[in-house]
Amino acid sequence: MMLSSPMRSARVTLIAIIVLPAAILKLVCSFQSRYINLHITPHSKRSLRSVSININCRHNKEDCDWDIELQQEAATALLPVFFPEHTDGNLTSIKPITAENALKRLLRKKYSQRRQNNQTNNATIDQNKSMDESRGRLAELILGTSVMRLRHFVVASASASNGNSTFPLPYPLNHTELSPHFNDKQICEFTSCSAEEKISMCEIMVAEHAKYIVSKDSTQQLESIQSLLGSSDDPALILAIEHSIPLFLASSLLSQYGYDTAKQLCSLMNKPGPITIRKNAIQFKGTDDELCKWLLENDGVESLPMKDIQNRQNLNTCYDLDELKRCKGNGRVMGQLTSPVGCICINPPIDGKGRKKLPKSIWSMSSYQKGFFEVQDAGSQCIVAALSLDHPSMSDSISILDYCAGNGGKTFAISSAVFGRKIDSESDEYGDTTAVANIVSHDVVDERLRQIKGSLSRVGFDLDKATGIAECIQDNLRCTLQTADLAELSDSDTLFDAVLVDAPCSSSGVLRRRPSQRWSMSKEDTLQSLPNLQLEIIQKAASFVKEGGVLVYATCSLLEEENEDVARSFERSEVFRNGGFVPWPFSEDGFSEGGTHRGADHEITLLPSEWNDGFFFARYKKG
């Protein structure tokens, strides 16, 4: 056993919940439209279908009335999201609810009514189909309006004909930032507004979103914004309103990347991201092309290795590289990296309504259930590749620590990379393998570690419940995988050849996957508290690196405060100096420049694109 302290026995926690129909969870766990991609990472995987809802009223009057009814339901559901409960008229005492939970509540109620109606009146197939369609439209209206709350509030308020109207400001929009631009119109903190004013604002914003998602004229959409701002020379405010993101985030992106790049980054935050998978070398021994063929023949899904896509297209054309060089002269920034082996992009077919949609839930695909692949963004896969587990300096027997493991995405990418290496060691005279790889997943949240254990069998490991250690033996390599909390990790005195720190962050590089998170971000947390925590984490993780080992620090953030600034602070720390750490240049591994400019050779900012999300990673060696 690798860790000296005994691992805790598996605990089983029974949680009483109201089970929603699978169809509801599919919508909440994964939602995609022409403008917005909502991918909420669920604790239990459900669906990764691409859903696009058309709110256009049909010519039939009954259909138009039905859409109005849906808008009213959506507005009522959003009331506690935009205007949370409070106890003393103070914003510090509010109790916010997420749009996802608001949608769950509404659909739970509607499904309960539907079941009752079906018991008394036999519902027709058409009625059930209509209900399913309305469920999708409600998801678009509630989730979409929530994400675009800043834009819709400004447009709706600026377009109001009554100059004496009072507009309650949805949570958590900033009164100080917006009030100077309203002139004769009055905006007020919602704590001082009436219930009628609040529900009216919800209805107006939902109606604005219904228009927004079907409009093809983006110039016309911005007329109200431009009219309101008038001669304002604040480009950050314009970006924040147009793309509905916090002003501090727009300001940070603008100052760090320049206007053109910041505008492109903001635009991508509201567009669907790709569906990218990673081949699991433990369960699928064929090539990337062979896995693509298997997906088509057995799951009816078209796909293409990412390397083929990169060879066919210039993926950097969406950014002004000269502007990046002026603004980011101290770091390496790129719009693409050469994707690792096993990185595959799924191409959903287009249905009769022009929507990209998988023929089945990705989690129900036979190839996923067999453990042939994991869903993982190309940029995230590059972070694991930065460990360079196949580098000549790495021995066949190796130990790796995933210090902030989360639900195990990178842990399983590490295990796949371990088995994807060429192992020179041979079995001994008794047939035992001589090469051993030990992987430890650490996280501060126990539920995440339980999720990792729940996926071990599908990925290809056998878990010994008595010891808590999972094992996989193939050819001449034996690999163990176990989870550990900080106490267990510290008590073991174990040092590792490679340590990955995927630190908690603002997620500003992956907001199209977690769009609602933009409204849970605060300036103080993002620019001060998180960087302090990140520095603390990387310093602690550095203590587990053995002599000659590698340390990778990574975030899914685009902000210097969480990235370069944390790296510089670490490099100035006693932990760095006393530990004998030095930057390890990526040029030694042949990471593709993709036409981008050079900067600090041991760190990379990977910008979001059509084919990957945004990440930062820096790499060091000890001794």
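None of these values were measured; they are calculated from a predicted model.
- Checking each of K307, K279, K293 against D288 for a salt bridge (Lys or Arg N to Asp or Glu O under 4.0 Å) leaves exactly one that passes, namely K279.
- Under the rule for a side-chain contact (heavy atoms from CB on, under 4.5 Å), the partners of Q72 that lie at least two apart in sequence or sit in another chain are I68.
- Using modelled atom types, one side-chain atom of T145 and one backbone atom of L141 make a donor-acceptor pair closer than 3.5 Å.
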May I have the step-by-step check of side-chain hydrogen bond (donor to acceptor under 3.5 Å, both in side chains) for S557 and S508, ending in yes or no? CA-CA 5 Å; S557 172; S508 53; 3.2 Å; yes
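- Of the N and O atoms on the side chains of D402 and T411, at least one donor lies less than 3.5 Å from an acceptor on the other residue.
- E73 has a carboxylate O that lies under 4.0 Å from a charged side-chain N of K110, or vice versa, which qualifies the two as a salt bridge.
- Taking the six-membered ring where tryptophan is involved, the planes of F373 and Y368 are tilted, since the angle between them lies from 30° to 60°.
- Counting only distance, with no hydrogens or angles, the side chain of S244 and the backbone of I241 share no donor-acceptor pair below 3.5 Å.
- Scanning for ring pair (Phe, Tyr, Trp, His ring centres under 6.0 Å) contacts around F461 gives an empty result, with sequence neighbours left out.
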Between C343 and R278, is the side-chain contact (heavy atoms from CB on, under 4.5 Å) condition met? List the steps. CA-CA 5 Å; C343 185; R278 174 190 48 76; over 6 Å; no
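- Residues satisfying the salt bridge (charged side-chain N to carboxylate O under 4.0 Å, His left out) test with D613, not counting sequence neighbours, are R512, R513.
- A donor-acceptor contact shorter than 3.5 Å is absent between the side chain of K271 and the backbone of S267.
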